[in-house]
Amino acid sequence: MDQSGALYLAIADQLRQQIVNGELAPGAALPSQTEIARQFGVSDGVARKVIRTLVVEGHAIARPGAGTFVRERPTLRKLVRSWHRSLRGGSPFAAEMRAQGVNGGWQYSSRTETAPPAVRQRLLLTETDNGPDSIRTDYVFTADDEPVMLSTSWEPFALTKGTPIVLPEDGPYAGRGVVERMMAIGIRITHSAEAISARMVLTAEATRLQMAPGSIVLTIERTYWADEQPVETADIVIPVDRYQVIYGTAIDEIP
């Protein structure tokens, strides 16, 4: 990295920290390009990169002719991810949104496909030459019609083929949640596992979630198990500036 690159990142980090800790409140004006150049002794080009970085990251918004301002932060809502909440009837997501006074919903599309290698490993699928071996469903979850999170789910086709639950969002158990759907065909889910990380949002994800490019998202890799058999796995993407993810376990479920 050249010296100018290191400079603009260091300056952007200082301003970012002031935004995060509240020194620069939502709606406050950020230093102009000229002010940044003068204050930090850098070129106009470096100052321009500082402002562009904060805008791309979603910390600031540029208003032509007025300046650049700290972006208003949305009110954080909660996404509760508790095992015992998956046991109640209906969609756990819809129930959680309803508890917060908003209308939860989702858009989806399902298809059969040969699962990608990472998913095959998570579902313990063997190699196949007989065509599609999984049901893939892509979701956009919403709260009052605003996008909340994305989820891509895979279920072993051999497990549900020919049953009323083969398509997660069609048939008599549509939208009932993985636990309830699997129970309908005699499969009792015993536990789930989630691996959590964070990264910058991908371009396609930013479009679907109505996020600024460069924003940070939480990623959850979730797998449901029936004893030693994985029955569903999903990749979940959540905007960190809109939602807090809350984990909990009912006391009577702890062995």
Side-chain angles (χ1 to χ4, degrees), residues 56-59 71 73-83 85-86 90-100 102-123 132 134-157 165 167-170 174-181 192-224 230-247:
V56 167
E57 290 177 348
H59 291 294
R71 180 171 168 252
R73 310 304 288 181
T75 301
L76 284 176
R77 290 193 177 125
K78 297 178 181 178
L79 287 177
V80 178
R81 305 191 61 78
S82 299
W83 173 243
R85 288 183 177 240
S86 298
S91 164
F93 173 79
E96 184 57 43
M97 292 296 101
R98 191 161 52 247
Q100 297 184 50
V102 296
N103 182 34
W106 54 91
Q107 303 160 14
Y108 69 91
S109 62
S110 294
R111 66 179 186 268
T112 57
E113 73 167 27
T114 300
V119 172
R120 301 180 64 77
Q121 185 175 13
R122 283 152 58 180
L123 290 176
S134 67
I135 297 291
R136 170 176 171 160
T137 305
D138 296 298
Y139 292 92
V140 179
F141 288 89
T142 59
D144 286 345
D145 298 324
E146 293 186 1
V148 171
M149 66 179 177
L150 307 177
S151 177
T152 302
S153 164
W154 292 268
E155 297 177 358
F157 191 30
I165 70 163
L167 295 176
E169 301 299 331
D170 292 292
R176 303 298 286 179
V178 178
V179 174
E180 190 173 352
R181 287 178 50 250
S192 66
E194 296 192 346
I196 305 169
S197 188
R199 57 168 169 77
M200 291 179 62
V201 68
L202 303 178
T203 301
E205 294 169 343
T207 300
R208 298 171 75 192
L209 288 169
Q210 299 175 14
M211 297 177 67
S215 300
I216 302 300
V217 290
L218 187 73
T219 62
I220 302 175
E221 180 186 294
R222 181 201 67 206
T223 303
Y224 279 116
V231 299
E232 188 259 11
T233 193
D235 290 323
I236 300 166
V237 179
I238 303 171
V240 298
D241 65 343
R242 300 181 201 167
Y243 286 87
Q244 291 178 316
V245 179
I246 311 297
Y247 282 83

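- Atom CD1 of Ile216 sits about 14.5 Å away from atom CD1 of Ile238, to the nearest 0.5 Å.
- Taking CG from Leu150 and CG from Asp235, the interatomic distance works out to 11.0 Å, rounded to the nearest 0.5 Å.
- Checking side-chain atoms of Tyr139 against main-chain N and O of Thr152 turns up no donor-acceptor pair under 3.5 Å.
- Remark: Glu194 engages Arg81, Ile220, Arg222, Tyr247 in a side-chain contact (heavy atoms from CB on, under 4.5 Å) (not counting sequence neighbours).
- Residues satisfying the side-chain contact (heavy atoms from CB on, under 4.5 Å) criterion with Gln100, sequence neighbours excluded, are Arg77, Lys78, Glu96, Met97.
- Put simply, the side chain of Ser153 never gets that close to the backbone of Thr137: no donor and acceptor are under 3.5 Å apart.
- Ser151 pairs by the side-chain hydrogen bond (donor to acceptor under 3.5 Å, both in side chains) definition with nothing, not counting sequence neighbours.
- Met211 is listed as a side-chain neighbour of Val217, based on a closest heavy-atom distance under 4.5 Å.
- Listed for the Arg181 side chain is a donor-acceptor partner under 3.5 Å among the backbone atoms of Ile165.
- Listed by chain and number, the residues in a side-chain contact (heavy atoms from CB on, under 4.5 Å) with Thr233 are Val119, Arg122, Leu123, Trp154, Thr223 (sequence neighbours excluded).
- Closest approach of Val201 and Ala206 over heavy atoms only: CG2-N, 3.5 Å.
- Listed by chain and number, the residues in a side-chain contact (heavy atoms from CB on, under 4.5 Å) with Ala174 amount to none (sequence neighbours excluded).
- Taking the six-membered ring for Trp and thresholds of 30 and 60 degrees, Phe93 and Trp106 have ring planes more than 60 degrees apart, a perpendicular arrangement.
- The shortest side-chain heavy-atom distance between Asp170 and Tyr108 falls under the 4.5 Å cut-off.
- No side-chain heavy atom of Pro156 sits less than 4.5 Å from a side-chain heavy atom of Ser134.
- Residue pairs satisfying the side-chain hydrogen bond (donor to acceptor under 3.5 Å, both in side chains) criterion with at least one member in residues 201-219, sequence neighbours excluded, are listed as follows: Arg199-Glu205.
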Report the C-alpha separation of Glu155 and Arg136 in whole Å, then their side-chain angles, then the decisive distance to 0.1 Å, and conclude whether the side chain to side chain contact (heavy atoms under 4.5 Å, CB included) test is met. CA-CA 7 Å; Glu155 297 177 358; Arg136 170 176 171 160; over 6 Å; no
Please determine whether side chain to side chain contact (heavy atoms under 4.5 Å, CB included) holds for the pair Asp138 and Arg111, giving the CA-CA distance in whole Å, both sets of side-chain angles, and the decisive distance to 0.1 Å. CA-CA 9 Å; Asp138 296 298; Arg111 66 179 186 268; 3.5 Å; yes
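- Within the structure, no pair that satisfies the salt bridge (charged side-chain N to carboxylate O under 4.0 Å, His left out) test touches residues 139-153, not counting sequence neighbours.
- A distance of 12.5 Å separates CD1 of Ile135 from CD of Glu232, quoted to the nearest 0.5 Å.
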Take Val237 and Leu209 through the test side chain to side chain contact (heavy atoms under 4.5 Å, CB included) and record every step on the way to the result. CA-CA 9 Å; Val237 179; Leu209 288 169; 4.1 Å; yes
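- Residues satisfying the salt bridge (Lys or Arg N to Asp or Glu O under 4.0 Å) test with Arg71, not counting sequence neighbours, are Asp241.
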